[in-house]
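Worksheet: one structure, shown below.
Below, chains carry the letters A, B, ... as their sequence lines are ordered, and counting in each starts from 1.
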Amino acid sequence: MEDVTNAIETHGLVKRFGKTTALAGVDLTARTGSVLGLLGPNGAGKTTAVRILATLLRPDAGSAAVCGHDVVRDAHRVRQLTGLTGQYASVDEGLSGTNNLIMIGRLLGVGRRAARARAAELLGRFELTDAAGRPAKTYSGGMRRRLDLAASLVGRPRVLYLDEPTTGLDPHSRNEVWAMIRGLVADGTTVLLTTQYLEEADQLAHDIAVIDRGSVIATGTPDELKASAGRQVLEVTPASRADLAATAELLERLIGTAPAVAVESGEVSVQVEGGKALREILRALDDQSIELAEFALRRASLDEVFLALTGHRPEAEAQPSAGRARAAGNVPERSPR
Amino acid sequence: MTSPVSAPVLSRRPSPVAAVANSFTLAWRSVLKIKTNPEDLFGLLLQPIMYLILFTYVFGGAISGGTHRYLQFSLPGILVLSVVFATMGTGMMLSQDIATGVFDRFRALPIVRWAPLAGAILGDLVRYVISIGITLGFGVVLGFRFQTSAAAVTAGCLLLVAFSFAMCWMSALLGVIVKSAQGVQLYGFLFMFPLVFGSNILTASNTMPGWLQAFVKVNPVTYLTDAERALLTGGPAATAVERSLLWAAGIFVVFAPLAVAAYRRRTA
């Protein structure tokens with residue numbers, strides 16, 4: 001098993017709950033030592049996939065292997081290699097941070113003293129030393145998530161599943177969790193990260209699988225996905241609002257698709273293929289004496305890629321902190337349209 | 001940080017020794033929770049005291065014409081009542097663990113699947129022992145006197161633990177089936193109130209209507225109370241002890257497999 005190159009491999013994974021098909025034949029591959037981002041909206045099947053890989057659910061069809069070990073036939077071995085943090089695995093709120101970690105160490109067969117030392121080490125690393133003796137129910141959301149992460153690391157897993165590790169966290173806590181994930185990956189841990197935050201996948205993942213309604217609809221690196229179909233977005237902001245309609249008309253005539261007009265910001269934007277039409281557009285704008293405040297070409301955001309792939313936006317209500325994150329300036333600016 | 005260990009030695013399946021050790025670790029966890037959860041601790045400590053004071057002084061004069069005489073009669077019954085109610089804790093804890101995802105964490109670990117269940121039940125045996133100790137101790141403070149040998153009293157305590165061990169599988173079944181801890185409490189009390197109070201724990205059954213007497217006569221709580229009275233205050237104990245043990249065995253044989261099956265289904 002040492003020469004297995006992929007830490008995670010699934011083939012044709014199917015899972016049904018009654019009449020609902022949660023997974024409709026999912027193939028996933030995570031290279032050893034990389035971060036695979038599983039990106040999709042609520043109910044896409046991300047958690048189901050993680051639960052199968054964590055041996056909590058049996059697939060109805062297909063196969064899944066972790067470091068070459070089948071998750072059904074060899075579940076006990078898989079459990080020795082993996083750690084799970086997420087929406088559904090949790091810490092014991094009635095126990096202190098220290099005792100939560102000692103308990104897991106003891107369950108993993110670590111001696112009393114070594115379990116205590118490991119707990120102290122992890123609590124220190126996750127900046128929980130001050131709260132180590134307090135029951136976990138007194139922790140803030142960010143602290144609990146960090147304890148949860150620490151709990152999944154007690155056994156030094158080679159493969160770590162992070163099921164929406166930052167959902168509901170404020171931007172500061174989220175950045176901390178991101179930094180910790182980067183640290184783990186630097187140490188050689190393979191990470192399967194599910195998220196509905198596009199920027200999270202963009203920031204952390206080496207490879208992304210976009211999943212929607214139980215199927216993988218696209219795979220690739222973040223850059224590949226963003227460059228897929230050669231999509232780029234041209235943004236034109238005329239200096240005067242009076243020229244907005246004329247600008248939109250001109251772009252539609254030259255590019256052939258109706259641009260989006262953001263009246264409040266006075267911006268006209270449209271997807272273009274490559275940059276060859278730009279000179280023509282600039283000349284035409286000049287001919288009509290439209291003065292420009294801004295003229296920019298940028299790559300499509302993952303948001304737009306997701307929209308193009310799935311036909312719908314990732315559910316906005318499921319991103320409670322996204323608005324605040326943007327307001328705080330922690331997230332690269334996007335232009336929603 | 002230390003790097004992930006390269007090429008760990010993986011075992012094919014959990015060893016029996018590890019399984020027992022895991023169960024004890026999880027039992028340690030539930031005992032620790034009693035200590036760190038003030039409500040739980042107070043409930044465990046104060047409930048028997050409350051029952052003793054209330055029942056002895058409210059009913060004592062009316063039923064036995066004196067609190068001291070009544071205490072000699074009622075203490076074994078209150079002992080049974082406290083312990084039987086304490087078995088609800090097992091189900092509530094299981095239900096809570098499943099709802100909060102703590103169980104998923106356990107199941108994702110390389111431990112045997114039944115360890116969390118065994119741990120919860122082992123840990124609860126400690127609760128029963130505490131409950132028995134408080135009831136006996138405070139009973140003595142109020143004036144209860146043992147009228148038998150130390151061996152008989154010890155046997156009485158062991159019988160209580162054995163019976164509650166059987167009962168807690170019913171509680172465990174409820175905990176695995178019912179979605180919330182509050183639900184477990186509700187159904188548990190709906191079931192346990194008639195079982196506990198439809199017995200001879202607080203009064204002799206001869207003033208009750210015939211249909212109720214019929215129920216009291218077959219109620220396992222009645223046998224257990226008879227056995228405890230005999231073991232603590234004297235009288236023939238053999239039949240009652242035997243019947244109590246038979247009931248405990250019966251409850252265990254029926255409900256332990258049901259609880260385990262429901263647990264397996266819930267955690268499959």
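Within the 4.5 Å cutoff, the side chain of A/Glu93 has no heavy atoms near those of the B/Thr100 side chain. Contact of the B/Trp28 side chain with the A/Ile102 side chain is registered, since non-hydrogen atoms from C-beta on lie closer than 4.5 Å. In this structure, A/Arg77 and B/Arg12 have side chains that are in contact, with non-hydrogen atoms separated by less than 4.5 Å.
With a 6.0 Å radius and a threshold of 12 heavy atoms from other residues, nucleotides or ligands, A/Arg116 has its CZ atom at or below the threshold.
One finds the CG atom of B/Leu109 at 6.0 Å from the CD1 atom of A/Ile104 (value rounded to the nearest 0.5 Å). Atom CD1 of residue B/Ile111 and atom CZ of residue A/Arg79 lie 8.5 Å apart, to the nearest 0.5 angstrom. Taking CD of A/Gln80 as the start and CG of B/Leu10 as the end, the distance is 5.0 Å to the nearest 0.5 Å.
A donor-acceptor pair is defined here as one N or O able to donate and one able to accept, closer than 3.5 Å; such a pair exists between the side chain of B/Arg105 and the backbone of A/Leu84. Although no hydrogens or angles enter the test, the distance criterion places no donor-acceptor pair under 3.5 Å between the side chain of A/Arg106 and the main chain of B/Thr25.
Of the listed residues A/Ala54, A/Ala151, A/Gly83, the one with more heavy-atom pairs under 4.5 angstrom with chain B than any other is A/Ala151.
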Please tabulate, one pair per line, all N/O donor-acceptor pairs under 3.5 Å involving side-chain atoms of residues 13-24 of chain B, not counting sequence neighbours.
{"from": "B/Ser15", "atom 1": "OG", "to": "B/Ala18", "atom 2": "N", "distance (Å)": "3.1"}
{"from": "B/Asn22", "atom 1": "ND2", "to": "B/Ala18", "atom 2": "O", "distance (Å)": "3.2"}
{"from": "B/Ser23", "atom 1": "OG", "to": "B/Ala19", "atom 2": "O", "distance (Å)": "3.0"}

Apply the test side-chain contact (heavy atoms from CB on, under 4.5 Å) to residues B/Leu32 and A/Met103: give CA-CA distance (whole Å), side-chain angles for both, the deciding distance (0.1 Å), then the verdict.
-> CA-CA 11 Å; B/Leu32 207 59; A/Met103 171 179 74; over 6 Å; no
A/Arg51 and B/Asp104: CA distance, side-chain angles, deciding distance, side-chain contact (heavy atoms from CB on, under 4.5 Å) verdict = CA-CA 9 Å; A/Arg51 288 175 70 82; B/Asp104 278 342; 3.0 Å; yes
Tell me, with the steps shown, if B/Arg29 and A/Asp92 meet side-chain contact (heavy atoms from CB on, under 4.5 Å).
-> CA-CA 9 Å; B/Arg29 164 195 176 240; A/Asp92 187 335; 2.5 Å; yes
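With a 4.5 angstrom heavy-atom cutoff, A/Arg73 touches chain B only via backbone atoms. Heavy-atom distances place no part of A/Ala75 under 4.5 Å from chain B, backbone and side chain included.
Under the rule for a side chain to side chain donor-acceptor pair (under 3.5 Å), the partners of A/Ser152 that lie at least two apart in sequence or sit in another chain are A/Thr85.
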